[in-house]
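Below: the structure, in structure tokens.
All residue numbers in this chain count up from 1 along the given sequence. Start at 1 and go down the list; that is how both ligands and their atoms are numbered.
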Amino acid sequence: MKYNFDEIIDRRNTNCMNTDGFRQYIFHADQDMKFPFADEEFIRMWIADMEFATPDCIIQAMKERLDRRIFGYTRIFGDDYYRAFSGWTKKLYDWEFPKENLYTSHGVIPALYELTGYICGPEDKVLMMTPSYAYFKYAAEHNHVAYVCSDLVNPRGDGYYEIDFDDFRRKAQDPSVKLFIFCNPHNPTGRLWSEEELRKTAEICFENGVMILSDEIHCDLIRTGRKHIPLAKLYPESDQIITCMAPSKTFNTAGLQFSNIIIPNENVRSQWLRYHNFDENPLSLAGAQAAYEKGYDWMTALREYLDENFRFTKAYLEEHLPEAVFRIPEATYLGWVDVGAYVDKEVNLPLLFAEKAGVLLEGGNMFVQNSDTYIRLNVACPRAVLAEGLRRICRVLTE
Ligand code: LCS
């Protein structure tokens with residue numbers, strides 16, 4: 001194997017959210033919260049980062065930038081970064097966008113917070129599909145605007161989620177809904193929306209004057225052989241779709257806080273230009289550019305490792321937890337598992353698994369709504385760690 005995804009890397013004492021931030025993030029508790037497991041005994045399958053080392057091409061580019069020794073205010077000048085990132089979107093998605101539409105942000109979430117404020121006034125509402133990454137809801141709350149949820153449906157009960165278009169249309173028709181925050185591929189269900197689904201969704205928004213913020217942060221990490229379609233690619237003439245992509249999920253660089261925001265809309269762009277007063281982190285910029293120029297080979301190897309982790313997970317659950325509902329997601333490294341056959345609806349699932357299994361995971365109402373009895377398993381970890389996590393989860397549910 002050219003890249004070693006089996007390596008277990010010690011992350012302690014790096015101010016790491018994954019190892020040290022779970023009390024606060026999952027349990028809203030302080031560092032005194034006690035568990036029957038020591039922190040280093042937990043199997044961590046929660047926050048959406050990976051247990052794999054960032055590829056050398058990124059680390060090398062950052063080292064070269066470090067050697068320049070001065071880290072003053074930095075912004076993107078010239079074409080190098082645009083060429084690297086648009087080269088990536090062209091190669092992977094056959095999609096390009098004009099340079100003047102590309103902006104960067106210290107994360108997709110900060111951009112969602114900011115853009116929601118530019119697009120929505122105090123009486124407006126944000127629409128989202130649920131279950132949802134909770135920060136979509138927080139983006140609305142942060143701006144003191146209301147939010148409306150359209151529940152995804154799982155019509156065959158097999159974990160393959162679909163959009164309830166009648167419900168979505170009804171909600172989009174509310175004249176106060178001004179913004180739809182879309183997740184493609186979808187966290188947590190792992191759906192990679194088809195062209196037909198994308199078109200139907202977009203057209204409902206267009207018909208109702210709803211702007212779309214398409215969060216495509218997970219788009220690179222899809223199962224081998226699948227194709228992601230950027231929503232904006234389908235509507236090159238539209239200025240109603242803002243696209244967010246980032247190297248952070250793909251290359252495990254969330255802490256570098258660098259993301260791409262593609263804004264074709266003049267009005268939103270002028271507000272962004274006026275108020276978005278953040279410079280770049282020079283190391284993050286060097287890393288992002290290297291990722292898009294040199295990271296493809298590593299990413300394809302990572303995809304294969306994740307594919308295998310999902311095959312392993314599926315086989316393990318079928319054997320040891322036959323009543324759980326799980327299907328290998330089309331995208332993301334997040335498995336969405338219904339354990340409703342084994343637990344009551346009221347159970348606090350993250351707490352149950354932390355206390356009884358020594359596994360940190362997200363689940364239940366952490367995903368806004370429509371997520372009772374579901375747990376989300378982050379499988380972006382060495383296979384040995386995954387195997388131990390699954391063993392512990394299944395033991396607790398079947399004991
Ligand atoms: N958008 C989606 C759909 C995400 O899943 C995440 C991270 C972000 C944005 C964060 O973007 P950033 O601000 O880091 O650029 N998802 C996480 C999750 O599900 N648990 O922990 C992080």
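Between Y275 and Y118, the angle of the ring planes lies from 30° to 60°, which puts this pair in the tilted group. Aromatic ring pairs are classed by plane angle as parallel below 30°, tilted from 30° to 60° and perpendicular above 60°; the pair Y113 and H142 is tilted.
Judged by the 6.0 Å distance and 45° axis criteria, R199 is positioned over the aromatic ring of Y235. A cation-pi arrangement, defined by a distance under 6.0 Å to the six-membered ring centre and an angle within 45 degrees of its axis, is absent between K233 and Y93.
For the atom pair N348 CG and E355 CD, the distance stands at 8.5 Å (nearest 0.5 Å). Between R395 atom CZ and L321 atom CG the span is 13.0 Å, to the nearest 0.5 Å. To the nearest 0.5 Å, atoms CH2 (W336) and CZ (F367) are separated by 4.5 Å. Between I119 atom CD1 and L213 atom CG the span is 5.0 Å, to the nearest 0.5 Å.
Taking only nitrogen or oxygen atoms, main chain and side chain alike, A48 reaches within less than 3.5 Å of ligand 1. When only interatomic distances are considered, the shortest N/O to N/O separation between I109 and ligand 1 falls below 3.5 Å. At a 3.5 angstrom cut-off on N or O pairs, S248 does not count as close to ligand 1. Between R376 and ligand 1, at least one pair of N/O atoms sits closer than 3.5 Å.
Residue-level proximity to ligand 1 for I47 is carried by backbone and side chain together, each with a heavy atom below 4.0 angstrom. Using a 4.0 Å cut-off between heavy atoms, D215 contacts ligand 1 through its side chain alone, with no backbone atom that close. By the criterion of a heavy-atom distance under 4.0 Å, both the backbone and the side chain of V108 are placed next to ligand 1. Using a 4.0 Å cut-off between heavy atoms, Q257 makes no contact with ligand 1 at all. By the criterion of a heavy-atom distance under 4.0 Å, neither the backbone nor the side chain of H186 is placed next to ligand 1.
Close approach of ligand 1 to H218 (heavy-atom distance below 4.0 Å) involves ligand atoms 3 (C), 4 (C), 5 (O). For ligand 1, the atoms closer than 4.0 angstrom to any heavy atom of E362 are 20 (N). Close contacts between ligand 1 and C183 involve ligand atoms 3 (C) [criterion: under 4.0 Å to a heavy atom]. Of all atoms in ligand 1, numbered sequentially from 1 with element shown, those under 4.0 Å from a heavy atom of P110 are 13 (O).
Put simply, no part of A254 is less than 4.0 Å from ligand 1, judged by heavy atoms. Look at H106 and you'll find every heavy atom at least 4.0 Å from all atoms of ligand 1. Residue-ligand proximity: P188 is placed with every non-hydrogen atom at 4.0 Å or more from ligand 1.
Given atom 11 (O) of ligand 1, the protein heavy atom at minimum distance is I217 CD1, 3.3 Å. What sits closest to atom 6 (C) of ligand 1 on the protein, heavy atoms only, is Y133 CE2, 3.3 Å. Protein heavy atom nearest atom 7 (C) of ligand 1, with residue, atom name and distance: K249 NZ, 2.9 Å.
Judged purely by distance below 3.5 Å, without hydrogens or angles, the side chains of D56 and W298 never pair a donor atom with an acceptor atom. No side-chain N or O of W46 forms a donor-acceptor pair with one of N378 less than 3.5 Å apart.
Between R11 and D49, at least one side-chain nitrogen of the basic residue sits less than 4.0 Å from a carboxylate oxygen of the acidic one, meeting the salt-bridge criterion.
Protein non-hydrogen atoms do not reach within 4.0 Å of atom 14 (O) of ligand 1.
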Side chain to side chain contact (heavy atoms under 4.5 Å, CB included) between D167 and D151, intermediate numbers included: CA-CA 8 Å; D167 182 73; D151 281 348; 5.5 Å; no
